[in-house]
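Data first, discussion second: the structure below is written as structure tokens.
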Amino acid sequence: EISDKGWDYQLENNLPMAMKCWTLAAELGDPLAQYSLGYNYMKGDFLPRDDTKSFEWFQKAARQGESRSQFLLGDAYYYGSGTIRDFEQAVKWYRKASEQGNAKALYSLACCYHKGQGLAENQKDAFELYLKSAELGYHNAQLIVARCYEHGTGTDRNYDEALHWYLKASEQGSETAKLCVQRLKKQSRNN
């Protein structure tokens, strides 16, 4: 398959040939190749950075159900990268990727509920989505879940759960979470 040949070329560090293969495969409708082109246009590593082309390739792949493209299309709408800023469209695409278990999309959809962007503000729904994302291992969500438990945002206040999630986030390298673990442990010793 043409797309697989592109991956082979990438492993050989022959990026011009990899891009040629992915472009051909993408034009023939391969959603993984479309994602690869969109990603490379977004990053500007192997192709000149072009948010409009990135958006177009993500849109083609997202319509075929490619979850990373759905998430990144949501981001494009959320931030107005390569298209107009549109929170409702961002929510639509974050939701589609979330339904496929995309942890970053769950987190981003939770942020939309938290801030009331593209849908009505709802802290309980935001917390539930943050928790799903955290359970899938996304460190940013783990930090937010800990804060929600600590402050009772969208859920009941629970310092044990807060400490649990701060520890999870700190295990993934979050310096903020490490400081929060120290603070909570110190507070519990003083009580």
Side-chain angles (χ1 to χ4, degrees), residues 1-113 117-118 128-145 168-174:
E1 191 171 289
I2 301 166
S3 185
D4 291 338
K5 194 70 178 152
W7 294 110
D8 292 341
Y9 280 123
Q10 183 184 17
L11 290 174
E12 295 169 9
N13 235 9
N14 187 343
L15 299 175
M17 283 303 293
M19 288 298 138
K20 284 182 182 180
C21 289
W22 286 333
T23 300
L24 181 57
E27 289 169 351
L28 292 171
D30 182 322
L32 293 177
Q34 292 167 343
Y35 162 76
S36 295
L37 280 181
Y39 188 82
N40 280 291
Y41 276 119
M42 178 182 76
K43 289 293 186 187
D45 291 339
F46 309 122
L47 294 169
R49 184 181 168 106
D50 187 325
D51 290 339
T52 302
K53 286 182 181 178
S54 175
F55 173 82
E56 290 168 358
W57 286 116
F58 286 146
Q59 191 173 45
K60 289 177 184 189
R63 287 181 176 155
Q64 294 187 69
E66 207 288 314
S67 73
R68 293 168 299 180
S69 295
Q70 291 171 336
F71 163 66
L72 291 168
L73 186 61
D75 267 1
Y77 278 116
Y78 188 88
Y79 295 105
S81 299
T83 187
I84 58 164
R85 191 172 202 189
D86 185 333
F87 292 134
E88 287 82 14
Q89 283 294 312
V91 165
K92 171 187 168 182
W93 291 104
Y94 288 151
R95 186 168 277 129
K96 285 181 180 290
S98 292
E99 290 166 359
Q100 296 189 60
N102 184 305
K104 289 181 179 180
L106 284 160
Y107 176 84
S108 295
L109 185 57
C111 290
C112 291
Y113 273 109
Q117 294 175 317
E128 289 173 10
L129 291 165
Y130 283 135
L131 185 59
K132 285 181 184 177
S133 179
E135 289 169 343
L136 290 171
Y138 189 47
H139 64 282
N140 288 346
Q142 292 170 343
L143 183 61
I144 298 298
V145 165
K168 287 256 189 211
S170 70
E171 288 167 7
Q172 294 199 57
S174 168

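Heavy-atom neighbours of F55 CZ from other residues, nucleotides or ligands within 6.0 Å: above the threshold of 12.
The distance from atom CG of L109 to atom CG of L129, rounded to the nearest 0.5 Å, is 5.0 Å. Rounded to the nearest 0.5 angstrom, K168 NZ and Q172 CD are separated by 8.5 Å. Going from atom CG of L73 over to atom NZ of K60 covers 13.0 Å, rounded to the nearest 0.5 Å.
Checked by atom type and distance alone, the side chain of Q142 never pairs as donor or acceptor with a backbone atom of S133 at under 3.5 Å. Looking at R49, its side chain never comes within 3.5 Å of a backbone N or O of Y41 through a donor-acceptor pair. S81 places no side-chain N or O within donor-acceptor distance of the main-chain N or O of A76, the cut-off being under 3.5 Å.
K5 places a side-chain heavy atom less than 4.5 Å from the side chain of D8.
Qualifying side chain to side chain contact (heavy atoms under 4.5 Å, CB included) partners for E99, counting only residues two or more places apart in sequence or in other chains: R95. S69 is linked by a side chain to side chain contact (heavy atoms under 4.5 Å, CB included) to Y35, F58, A61, A62, E66, counting only residues two or more places apart in sequence or in another chain. Checked against side chain to side chain donor-acceptor pair (under 3.5 Å), Y77 has no partners two or more places apart in sequence or in another chain.
Among all heavy-atom pairs drawn from A134 and V145, the shortest one is CB-CG2, 3.9 Å. In terms of heavy atoms, A103 sits closest to L136 at CB-CB, 3.8 Å. Between Q117 and V91, the shortest heavy-atom distance links the atoms O-CG2, 3.6 Å.
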Would Q34 and Q64 count as a side chain to side chain donor-acceptor pair (under 3.5 Å) here? Give the steps.
CA-CA 10 Å; Q34 292 167 343; Q64 294 187 69; 2.9 Å; yes
Does the side chain to side chain contact (heavy atoms under 4.5 Å, CB included) test come out yes or no for F71 and S98, once each step is laid out?
CA-CA 8 Å; F71 163 66; S98 292; over 6 Å; no
Side chains of residues 82-90: which donor-acceptor pairs under 3.5 Å do they make with residues two or more places apart or in other chains?
unit_1: R85; atom_1: NE; unit_2: Y78; atom_2: O; d: 2.7
unit_1: D86; atom_1: OD1; unit_2: E88; atom_2: N; d: 3.1
unit_1: D86; atom_1: OD1; unit_2: Q89; atom_2: N; d: 3.0
unit_1: Q89; atom_1: OE1; unit_2: W93; atom_2: NE1; d: 3.4

Throw together a table of side-chain donor-acceptor distances under 3.5 angstrom for residues 11-30, partners on residues two or more places apart or in other chains.
unit_1: N14; atom_1: OD1; unit_2: M17; atom_2: N; d: 3.3
unit_1: W22; atom_1: NE1; unit_2: S3; atom_2: O; d: 3.4
unit_1: T23; atom_1: OG1; unit_2: M19; atom_2: O; d: 2.7
unit_1: D30; atom_1: OD1; unit_2: L32; atom_2: N; d: 2.8
unit_1: D30; atom_1: OD1; unit_2: A33; atom_2: N; d: 3.1

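Legend: side chain to side chain donor-acceptor pair (under 3.5 Å) pairs involving residues 100-109, not counting sequence neighbours, sorted by first then second residue: Q70-Q100.
K92 forms no cation-pi arrangement with Y94, by the criterion of a distance under 6.0 Å to the ring centre and an angle within 45° of the ring axis.
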